[in-house]
Amino acid sequence: MSEHRSFPKPTPRLQDRVQQRREAMRAWLECCRVVDARDKWICRCCGRKVRKTLTVCSERLEHHHLHGRRVAPERRYDPRAVITVCLECHGRLTRHEIAIVGEDATGLLGVIE
């Protein structure tokens, strides 16, 4: 007769991935909450008042990472590495039509077109 050992049943990997995604989403939402409060719902590039909406309009709130998420994964959920921008400026930042120049404790110092 074989000896039966009582090991704890391993957690399926799917449950681990789901838990990791939930934790990542919580961290991202907390980062967004801090950034929104800091930037007071104003685009850091053009100064436009932004709002949270699902419609595609120029005053739509977007969050832009100052450092690429793959380049600096340790700063992915760091509010100091994220700024609030409007949809229009976010598109221009993503296409590298404008660039962010410098940053300090209070935030953005300038934008180059």
Side-chain angles (χ1 to χ4, degrees):
M1 190 166 159
S2 68
E3 209 176 286
H4 177 66
R5 296 183 183 180
S6 130
F7 290 111
K9 187 174 181 180
T11 330
R13 289 187 304 182
L14 177 61
Q15 288 179 350
D16 291 341
R17 285 196 308 260
V18 168
Q19 183 62 27
Q20 287 173 349
R21 285 187 192 139
R22 281 187 185 139
E23 290 170 6
M25 182 56 76
R26 279 190 205 112
W28 174 244
L29 291 175
E30 176 63 19
C31 175
C32 290
R33 188 185 65 72
V34 170
V35 170
D36 293 341
R38 179 196 67 204
D39 294 344
K40 297 179 180 85
W41 302 87
I42 295 175
C43 175
R44 298 290 293 274
C45 292
C46 68
R48 175 184 288 155
K49 185 84 171 156
V50 294
R51 60 189 172 101
K52 213 180 253 192
T53 180
L54 294 176
T55 60
V56 179
C57 57
S58 57
E59 63 269 358
R60 177 180 171 162
L61 169 72
E62 298 284 335
H63 293 99
H64 182 74
H65 285 85
L66 296 174
H67 313 284
R69 292 175 302 198
R70 294 192 188 250
V71 174
E74 67 280 357
R75 298 197 70 192
R76 178 174 279 192
Y77 308 118
D78 182 3
R80 295 171 297 181
V82 179
I83 60 171
T84 298
V85 292
C86 64
L87 181 66
E88 191 175 303
C89 290
H90 190 248
R92 294 175 69 199
L93 282 164
T94 304
R95 291 187 303 271
H96 303 288
E97 293 173 3
I98 59 176
I100 297 166
V101 180
E103 57 183 290
D104 62 1
T106 60
L108 192 62
L109 289 179
V111 175
I112 294 179
E113 295 204 32

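In this chain, numbering begins with 1 at the start of the sequence shown.
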**Q** Are Val50 and Ile42 joined in one hydrophobic group, where the rule is that I, L, V, M, F, W and Y side chains link up if heavy atoms are under 4.5 Å apart?
**A** no
**Q** I'd like to know if Leu66 and Val35 are part of one continuous hydrophobic network [Ile/Leu/Val/Met/Phe/Trp/Tyr, side-chain heavy atoms within less than 4.5 Å].
**A** no
**Q** Got a sec, which residues hit side chain to side chain donor-acceptor pair (under 3.5 Å) with Arg33, two or more places apart in sequence or on another chain?
**A** Glu30
**Q** Considering residues at least two apart in sequence or located in another chain, which fulfil the side chain to side chain donor-acceptor pair (under 3.5 Å) criterion with Thr53?
**A** Thr55
**Q** With sequence neighbours left out, what residues match Ala72 under side chain to side chain contact (heavy atoms under 4.5 Å, CB included)?
**A** His67, Glu74, Arg75
**Q** Could you go through the side chain to side chain contact (heavy atoms under 4.5 Å, CB included) check for His64 and Val82 one step at a time?
**A** CA-CA 5 Å; His64 182 74; Val82 179; over 6 Å; no
**Q** What donor-acceptor contacts under 3.5 angstrom involve side-chain atoms of residues 17-28, with partners at least two apart or in another chain?
**A**
unit_1: Gln19; atom_1: NE2; unit_2: Glu23; atom_2: OE2; d: 3.1

**Q** Linking Ile, Leu, Val, Met, Phe, Trp and Tyr through side-chain heavy atoms less than 4.5 Å apart, which residues share a cluster with Leu54?
**A** none
**Q** Quick one: NE2 on His65 to OH on Tyr77, what's the gap to the nearest 0.5 Å?
**A** 8.0 Å
**Q** From Glu88 CD over to Cys45 SG, what is the distance, rounded to the nearest 0.5 angstrom?
**A** 10.5 Å
**Q** For Cys89 versus Ile98, what's the shortest heavy-atom pair and its separation?
**A** O-CD1, 4.1 Å
**Q** Please name all residues satisfying salt bridge (Lys or Arg N to Asp or Glu O under 4.0 Å) with Arg70, sequence neighbours left out, ordered by chain then number.
**A** none
**Q** Would you say the side chain of Ile83 lies within less than 4.5 Å of the side chain of Arg38, judging by non-hydrogen atoms?
**A** yes
**Q** Can you list the residues that meet the side chain to side chain contact (heavy atoms under 4.5 Å, CB included) rule with Lys52, with sequence neighbours excluded?
**A** Asp36, Trp41, Leu61
**Q** Please report the shortest heavy-atom distance between Cys86 and Arg48, naming the atom on each side.
**A** SG-NH1, 3.5 Å
**Q** Under the side chain to side chain contact (heavy atoms under 4.5 Å, CB included) test, which residues partner Glu62, sequence neighbours left out?
**A** Arg60, Val85, Leu87, His90
**Q** For Arg51, give me all partners under salt bridge (Lys or Arg N to Asp or Glu O under 4.0 Å), at least two apart in sequence or on another chain.
**A** Glu59
